[in-house]
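Accompanying notes for the structure given below.
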Amino acid sequence: QRTKRIDGERVSDLQNIQWQIVNYWQKKEMLPTALDDLKDSISGYRAPADPSTDEPYVYRATGERSFELCATFDLSSEDTRVRGERFTIPVKSIYSETWEHGEGETCFEREIDSELYPPREPKVIR
């Protein structure tokens, strides 16, 4: 159970980092060069680290709007089976398809759709 919980925290961390990267891109029209670029002294945001090892997650910009986020998982998120004497019931993973992973290091490739997440116009304060 503990291992499942920690893998769940990893997915949650990566989801959070992903949205911070999208927000960064919308504000600056460029991807961060490193996760440290996401630090914000006003909001107090700092990219989380792996809950088990305290190592930073791996982030790589791979294009103008594309990037990878990587983590090392203890378990696979594949469907599990509940087995009884006469039946086998598939139980869907708790993760959406976009966060399904195997055991070990898994990298998630992402590309920001500029129509869904357009750059934000700077607001003029008067």
Side-chain angles (χ1 to χ4, degrees):
Q1 287 298 71
R2 180 179 185 278
T3 303
K4 286 181 184 179
R5 181 185 54 78
I6 289 173
D7 276 354
E9 285 181 44
R10 289 179 177 119
V11 170
S12 180
D13 287 348
L14 294 179
Q15 289 171 329
N16 183 294
I17 292 167
Q18 174 180 278
W19 289 114
Q20 292 294 329
I21 292 168
V22 170
N23 185 47
Y24 185 98
W25 185 87
Q26 285 183 301
K27 289 179 180 177
K28 301 183 182 226
E29 293 190 60
M30 61 184 282
L31 290 173
T33 57
L35 290 179
D36 279 347
D37 294 349
L38 300 174
K39 284 183 188 176
D40 183 338
S41 62
I42 294 173
S43 72
Y45 181 80
R46 180 179 177 169
D50 183 283
S52 181
T53 66
D54 207 31
E55 292 293 317
Y57 292 105
V58 175
Y59 162 77
R60 286 185 283 273
T62 58
E64 287 185 21
R65 293 187 330 267
S66 59
F67 59 94
E68 280 185 328
L69 286 173
C70 307
T72 301
F73 294 93
D74 294 319
L75 300 171
S76 170
S77 66
E78 287 181 355
D79 294 357
T80 58
R81 305 261 178 221
V82 175
R83 297 193 193 303
E85 286 185 24
R86 298 181 185 190
F87 60 89
T88 299
I89 302 171
V91 178
K92 188 68 180 156
S93 167
I94 61 171
Y95 309 115
S96 70
E97 285 182 23
T98 59
W99 295 103
E100 288 183 6
H101 56 80
E103 182 181 334
E105 185 178 46
T106 303
C107 293
F108 301 92
E109 297 177 8
R110 301 292 188 247
E111 182 162 356
I112 298 171
D113 182 332
S114 59
E115 290 181 15
L116 285 175
Y117 306 101
R120 294 189 189 131
E121 295 293 324
K123 293 182 180 178
V124 177
I125 300 174
R126 296 175 192 216

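Residues take their numbers from the sequence shown, with the count starting at 1.
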Worksheet entry | salt bridge (Lys or Arg N to Asp or Glu O under 4.0 Å) contacts touching residues 17-30 (sequence neighbours left out) | none
Worksheet item: Can you check side-chain contact (heavy atoms from CB on, under 4.5 Å) on H101 and V11, steps first, answer last?
Response: CA-CA 9 Å; H101 56 80; V11 170; 4.1 Å; yes
Discussion item. By the disulfide (SG to SG under 2.5 Å) test, which pairs, at least two apart or in different chains, include something from residues 34-70?
Written reply: C70-C107
Worksheet item: When rounded to the nearest 0.5 angstrom, what distance separates CG in L69 from CD in E109?
Response: 11.0 Å
Practice prompt. Under the salt bridge (charged side-chain N to carboxylate O under 4.0 Å, His left out) rule, collect the residues that match up with R5, sequence neighbours excluded.
Written response: E9
Practice prompt. Establish whether F73 and V58 are linked, either directly or via other cluster members, by ILVMFWY side-chain heavy-atom contacts under 4.5 Å.
Written response: no
Worksheet item: If every non-hydrogen atom of D13 is compared with every non-hydrogen atom of P51, which pair is closest and at what distance?
Response: OD2-CD, 4.0 Å
Discussion item. Could you report the tightest heavy-atom contact between L14 and F108, atom names first, then the distance?
Written reply: CD1-CE1, 3.6 Å
Response to the item:
When every non-hydrogen atom of Y24 is compared with those of L31, the smallest separation belongs to CE2-C, 3.7 Å
Worksheet entry | Over-ring placement of R110 relative to W99, 6.0 Å and 45° cut-offs | yes
Worksheet item: Which residues satisfy the salt bridge (charged side-chain N to carboxylate O under 4.0 Å, His left out) test with D50, sequence neighbours excluded?
Response: R10
Fill in: Spacing of CG belonging to N23 relative to CD belonging to Q18, to within rounding of 0.5 Å
12.5 Å
Response to the item:
Closest non-hydrogen atoms of P118 and W25, given as atom of the first, atom of the second and distance, are C-CZ3, 4.2 Å
Fill in: Atom CD of E68: over 12 foreign heavy atoms under 6.0 Å
yes
Worksheet item: What closest approach, in Å, do S114 and P119 show between heavy atoms, and which atom pair accounts for it?
Response: O-CD, 4.5 Å
Practice prompt. Provide the full list of salt bridge (Lys or Arg N to Asp or Glu O under 4.0 Å) pairs with a residue in residues 111-120, sequence neighbours left out, each pair given once.
Written response: R65-E111
Worksheet item: Do L35 and Q20 touch side chain to side chain, with heavy atoms closer than 4.5 Å?
Response: no
Discussion item. Determine whether a donor-acceptor pair (N or O, by modelled atom type, separation under 3.5 Å) exists between the side chain of D74 and the backbone of T3.
Written reply: no
Worksheet item: Roughly how far apart are T72 OG1 and E103 CD, rounded to 0.5 Å?
Response: 10.5 Å
Worksheet item: Between Y57 and I17, what is the shortest heavy-atom contact and its length?
Response: CD1-CD1, 3.7 Å
Practice prompt. Would you list the pairs meeting ring pair (Phe, Tyr, Trp, His ring centres under 6.0 Å) in which at least one residue belongs to residues 27-53, sequence neighbours left out?
Written response: none
